[in-house]
Participant: 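Structure incoming, see below.
Proteins come first, then strands; the chains are lettered A, B, ... in the order of their sequence lines, and each starts at number 1.
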Number of protein chains: 2
Amino acid sequence: MENKQKPLSKNQKIILEYIQKNKKPVKAYSILSNVQKKGINAPPQVYRALDKLIEIGKIHKVESQNSFVACKTSDCETPHATAFSICDSCDEVSEINDPKLFKYLLDYKDNSGIKFDGYNLEFFGTCKSCETS
Amino acid sequence: MENKQKPLSKNQKIILEYIQKNKKPVKAYSILSNVQKKGINAPPQVYRALDKLIEIGKIHKVESQNSFVACKTSDCETPHATAFSICDSCDEVSEINDPKLFKYLLDYKDNSGIKFDGYNLEFFGTCKSCETS
DNA sequence: ATAATTATGTTATAATATAACGCTATACTC
DNA sequence: GAGTATAGCGTTATATTATAACATAATTAT
């Protein structure tokens with residue numbers, strides 16, 4: 001029952017590596033300017049790779065920031081059920097990987113009784129280091 | 001212990017009314033083109049009003065769509081703790097107003113023990129009417 | 001009445017994202 | 001392995017979303 005993964009294409013690899021190098025989420029055009037030396041010249045090349053990487057769960061999009069961050073769980077099985085905490089003052093983002101929260105939300109039924117395939121949750125607050133300064 | 005509400009300004013009123021008329025979320029530039037006859041000419045006028053309306057909780061932003069929707073609870077007390085369900089196939093959005101979910105999330109503590117001031121949660125799935133077609 | 005704050009109107013531009021086209025590489029299937 | 005289907009590439013142009021900056025006017029607070 002191995003997890004069959006197609007190999008990434010050249011551009012996908014370049015862009016994933018760049019995102020993984022950064023702890024903080026990065027913006028599409030910042031990715032672009034940082035990988036131009038590797039032969040990636042134009043926005044569509046970046047956005048195509050981003051779309052694919054999101055689809056397969058290697059990265060996630062932080063919607064409230066239009067930024068992109070690598071998935072922390074090595075073999076992301078729930079690419080479309082993500083939770084982040086975001087610091088209002090320094091914009092630090094960290095992925096929340098909590099099975100209980102995850103289960104609670106994927107089991108959640110709205111009042112019409114439907115369950116959901118995925119979710120994106122972004123928590124806002126003040127991070128530890130900003131709080132003490 | 002009344003809820004002291006400052007009256008809205010002219011542009012804020014115009015834009016809020018337009019958003020409230022629409023059941024579906026609306027986009028900023030679509031708002032603009034629909035309120036031009038009322039004397040609103042340029043994007044900053046729209047975005048300024050949107051920012052304010054969000055701040056006071058009259059509307060919410062649907063981050064994954066860059067769209068804006070009126071708050072359903074007449075006197076929104078939690079402008080920054082919002083949950084929506086979004087249909088993947090027709091893009092319909094509805095606000096989820098569930099005190100239990102609300103409490104669960106506002107009480108949620110991440111592994112560093114911090115609580116959050118607010119959150120934005122967007123659930124994805126297939127709505128009833130899309131499912132049966 | 002004055003000062004402080006909030007909102008307005010405007011022009012210009014920044015930042016984010018996609019359409020469309022022709023071509024190339026990879027994988028699939030017979 | 002030839003043929004075909006699928007996914008990816010490179011490129012140009014353009015669409016969409018959002019803000020900077022500045023001068024003025026209205027509102028609110030002291």
Side-chain angles (χ1 to χ4, degrees), chain A residues 2 4-19 22 24-69 79 86 91 93 120 122, chain B residues 2 4-19 22 24-69 79 86 91 93 120 122:
Chain A
E2 286 289 305
K4 168 164 262 170
Q5 329 215 32
K6 267 189 24 179
L8 298 178
S9 76
K10 174 176 142 275
N11 288 0
Q12 288 159 13
K13 241 179 276 179
I14 292 170
I15 285 167
L16 177 58
E17 271 163 27
Y18 178 73
I19 295 173
N22 287 272
K24 284 199 165 193
V26 285
K27 304 270 198 165
Y29 277 74
S30 150
I31 295 169
L32 176 57
S33 63
N34 280 281
V35 296
Q36 281 186 322
K37 51 194 170 222
K38 305 225 170 178
I40 289 175
N41 309 304
Q45 297 174 292
V46 174
Y47 281 102
R48 280 183 207 135
L50 290 173
D51 286 347
K52 193 69 189 187
L53 293 168
I54 288 169
E55 190 191 320
I56 64 179
K58 293 292 185 186
I59 65 171
H60 304 299
K61 181 172 185 181
V62 182
E63 292 287 355
S64 64
Q65 296 189 341
N66 299 314
S67 64
F68 303 87
V69 68
I86 301 174
D91 284 341
V93 174
N120 181 64
E122 300 181 6
Chain B
E2 285 289 304
K4 168 163 263 171
Q5 330 213 34
K6 268 189 22 179
L8 299 177
S9 75
K10 174 176 142 275
N11 289 0
Q12 289 159 11
K13 241 180 276 180
I14 291 170
I15 286 168
L16 177 58
E17 270 164 27
Y18 178 73
I19 295 173
N22 286 272
K24 285 198 164 195
V26 285
K27 304 270 199 163
Y29 276 73
S30 150
I31 295 169
L32 176 57
S33 63
N34 280 282
V35 297
Q36 280 186 324
K37 52 194 167 221
K38 304 223 171 180
I40 289 174
N41 309 304
Q45 296 174 294
V46 174
Y47 281 101
R48 288 195 288 235
L50 290 174
D51 287 347
K52 193 69 191 187
L53 293 168
I54 288 169
E55 191 191 320
I56 63 179
K58 292 293 186 186
I59 66 172
H60 305 299
K61 181 173 186 181
V62 182
E63 292 286 355
S64 63
Q65 297 188 342
N66 299 314
S67 64
F68 303 87
V69 68
I86 301 174
D91 284 342
V93 174
N120 181 64
E122 299 180 8

Participant: With a 3.5 Å distance limit and no angle check, can you tell me whether B/Lys13 reaches the backbone of B/Pro7 through a side-chain donor-acceptor pair?
Facilitator: no
Participant: Kindly point out which of C/dT6, D/dG10, C/dG9 is positioned nearest to the side chain of B/Lys6?
Facilitator: C/dT6
Participant: What's the closest nucleotide to the side chain of B/Ser9 if the choices are D/dG10, C/dT10, C/dA7?
Facilitator: C/dA7
Participant: Map A/Ala49 and A/Tyr29 onto DNA chain D by nearest heavy atom, then report which one ends up closer to the 5' terminus.
Facilitator: A/Ala49
Participant: Please report the shortest heavy-atom distance between A/Gly39 and A/Gln45, naming the atom on each side.
Facilitator: O-NE2, 4.5 Å
Participant: What is the distance from CG of A/Asn41 to P of D/dA13, rounded to the nearest Å?
Facilitator: 14 Å
Participant: Between A/Val69, A/Leu16, A/Val26, which is the residue that forms a side chain to side chain contact (heavy atoms under 4.5 Å, CB included) with A/Ile59?
Facilitator: A/Leu16
Participant: Ignoring backbone atoms, establish whether B/Lys10 has a side-chain N or O less than 4.0 Å from OP1 or OP2 of C/dG9.
Facilitator: yes
Participant: Round to a whole Å and report the spacing from CG of B/Leu32 to P of D/dT16.
Facilitator: 13 Å
Participant: Go nucleotide by nucleotide along DNA chain D from the 5' end; which of B/Lys27 and A/Asn11 gets its closest nucleotide reached first?
Facilitator: A/Asn11
Participant: Between atom CG in A/Leu53 and atom P in D/dA7, what is the gap in whole Å?
Facilitator: 16 Å
Participant: Judged by atom type as modelled, is there a donor-acceptor pair below 3.5 Å linking the side chain of B/Lys58 to the main-chain atoms of B/Lys52?
Facilitator: no
Participant: Roughly how many Å is it from CG in A/Asp51 to C1' in C/dA17, rounded to a whole number?
Facilitator: 10 Å
Participant: Taking atom P of C/dT24 as reference, at what distance in whole Å does atom CD of A/Gln45 sit?
Facilitator: 15 Å
Participant: I need the CG-P distance between A/Leu50 and D/dA7, as an integer number of Å.
Facilitator: 19 Å
Participant: Both B/Gln12 and B/Pro43 contact DNA chain C. Taking the nearest nucleotide for each, which residue is further toward the 5' end?
Facilitator: B/Gln12
Participant: Nearest to the side chain of A/Lys52 - D/dG10, D/dG8, D/dA18?
Facilitator: D/dG8
Participant: Output the rounded distance in Å from CD (A/Glu63) to P (C/dT16).
Facilitator: 13 Å
Participant: Looking only at side-chain N and O atoms, does A/Lys13 come under 4.0 Å of OP1 or OP2 in D/dG8?
Facilitator: no
Participant: Taking the side chain of A/Pro44 as its heavy atoms from C-beta onward, which of C/dA17, D/dT28, D/dT11 lies nearest to it?
Facilitator: D/dT11
Participant: B/Tyr47 has an atom OH; how far is it from atom P of C/dG9, in whole Å?
Facilitator: 18 Å
Participant: Can you identify which nucleotide, out of C/dA17, C/dT10, D/dT12, has its nearest atom closest to the A/Lys61 side chain?
Facilitator: C/dA17
Participant: Tell me whether B/Glu122 contacts the main-chain N or O of B/Val62 through its side chain, where contact means a donor paired with an acceptor under 3.5 Å.
Facilitator: no
Participant: I want to check one thing: is the phosphate of C/dT16, taken as OP1 and OP2, less than 4.0 Å away from some side-chain N or O of B/Asn66?
Facilitator: no
